[in-house]
Amino acid sequence: MSERDAPVLEAPREALLELVRPEIRAIRAYKTPLDPLPIKLDANESPFGLPDAVMRDLAERVRTIPLQRYPDLEVRALKSALADHLGTSPARLVVGVGSDESIGVLLTALARPREASAPVIVVPEPSFVMYAQTARVLGLEPVSVPLAGRDFGLDVAATIATIHARGAVLVFLASPNNPTGVAYRDEDLLAIAEACPGTMVVIDEAYGAFRPSREGRPASHRRALLPHTRDRAPNLVFLGTLSKIGLASLRIGWIEAPEALALELDKVRLPYDMPGPTQVLGAAVLGVHRAALEAQIAAIVGERDRVVRALASLHRVLRPIPTEANFVLCEAESASRAAEIHAALASRGIQVRAFRTSPLERHLRITVGRPDENDALLDALAAIGA
Ligand code: PMP
């Protein structure tokens, strides 16, 4: 029988699917609108492109990248630029293709595939969905602790109690949190770390650049808490990203951890995960074009404060929850009102984020845009409320 005549053994499709782990089949894929509306205020990105002169310089640098070669395995130039940016040593950094990858690196390192019961991680809810999602994919069990009250405060006692009760290996604390915009107190984060010495306490400062300034720079949990990692809280680990301050397309994130832990975590990254163009462009922007980023961050913070003030005066339509991020979570009076406002904004070409599931069915998350976009948003909301 020739090869052509051989019967094709077609595996029943169901049998193939059954090979896929049930916890993966149970989750829903991460989705955002693929063709967003013209005024895109739904994804916590920076609304500003880099200035033309900066883009021209970056284009020149791209011309020099040997695309036929693998990129620098150790990501040296980018790591050193990040270390300068943070005021730390490269040996304490583990880079990620976005902090999404960094979340996966941390969880992969803590997963225990050969053990009967899955390690537990704790996540205050609502928070960034990829913490729980990635945990499930990697065979860990996410356990949530509700945030407290209408303004979504951190419930320190409940967080500590849940970590103890479930023997959690890790807790993710995003501050400012997504999607609430709320920043927690340094003392509360430290209290959790001190009370749970056997747990990795991960402070995710994805939105840290937008916090109100303290001593001329944005308040930073990292700066406040690092001195305590020598004695009271050696279990603190920090996450960061350049995605929110204008470089989302490059996909640059990192974990900052004690050197010995960073060495272990670095083994989890896939070789050559960080593309050459990302390494070159990221290092250049952080190195020679940092002022352009800083100016844009300042503009976003100014616009955020203006939008929040205006929203507060439009109180009938949406209640803004106090935010320290580049977005503001707003509460409508009912789920149906939130859906109406979402649709009415969409009909005017404005994309904001709706959630539709508890406890956020009445909420919309609005990313701060350019001044003209924010004006269009505020005009539309005034018209809707009228
Ligand atoms: N952490 C938080 C709190 C986030 O909101 C996000 C993005 N939505 C991330 C991490 C991941 O960002 P990136 O992978 O772009 O670094």
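In listed order, ligands and their atoms are each counted from 1. Only heavy atoms go into these numbers, but all of them, side chains included; no hydrogens, no water, no symmetry mates.
Neither the backbone nor the side chain of Phe327 comes within contact range of ligand 1; no heavy atom lies under 4.0 Å. At a heavy-atom distance under 4.0 Å, only side-chain atoms of Arg251, from C-beta outward, approach ligand 1. The parts of Asp100 lying near ligand 1 are both backbone and side chain, judged by heavy-atom distances below 4.0 Å. Residue contacts with ligand 1, taken as heavy atom pairs separated by less than 4.0 Å, do not involve Met130 at all.
The closest approach between any non-hydrogen atom of Asn44 and ligand 1 is not below 4.0 Å. Using a 4.0 Å cutoff on heavy atoms, Phe172 does not count as a contact of ligand 1. Put simply, part of Ser99 is less than 4.0 Å from ligand 1, judged by heavy atoms. Residue-ligand proximity: Glu101 is placed with every non-hydrogen atom at 4.0 Å or more from ligand 1.
Residue Leu86 holds its CG atom at 6.0 Å from CG of Leu93, rounded to the nearest 0.5 Å.
Checked against a 6.0 Å centroid threshold, the rings of His342 and Phe355 do not count as neighbours.
At most 12 non-hydrogen atoms from other residues, nucleotides or ligands lie less than 6.0 angstrom from CD of Glu215.
Between the side chains of Tyr207 and Asn44, a donor-acceptor pair is found at a separation under 3.5 Å. The closest side-chain donor-acceptor pair between Arg365 and Asn178 falls under 3.5 angstrom.
Counting only heavy atoms of the protein, atom 9 (C) of ligand 1 lies nearest to Phe128 CE2, 3.3 Å. With hydrogens left out, the protein atom closest to atom 3 (C) of ligand 1 is Asp204 OD2, 3.4 Å, a heavy atom.
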Can you list the steps and then say if Thr88 with Glu256 is a side-chain hydrogen bond (donor to acceptor under 3.5 Å, both in side chains)?
CA-CA 9 Å; Thr88 191; Glu256 183 181 4; 3.0 Å; yes

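Between Tyr272 and Tyr70, the angle of the ring planes stays under 30°, which puts this pair in the parallel group of the 30/60° scheme.
Of the N or O atoms in Tyr30, none lie within a sub-3.5 Å distance of an N or O in ligand 1.
Every atom of ligand 1 is numbered from 1 in the order shown, and the set under 4.0 Å from a heavy atom of Lys244 is 6 (C), 7 (C), 8 (N). Near Ser243, with a cut-off below 4.0 Å to any heavy atom, the atoms of ligand 1 are 13 (P), 15 (O), 16 (O).
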For residues 95-106, which side-chain N or O atoms pair as donor and acceptor with protein atoms under 3.5 Å away, sequence neighbours left out?
unit_1	atom_1	unit_2	atom_2	d
Asp100	OD2	Arg251	NH2	3.3
Glu101	OE1	Val97	N	2.8

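Side-chain atoms of Glu115 do not come within 3.5 Å of backbone N or O of Arg112 as any donor-acceptor pair.
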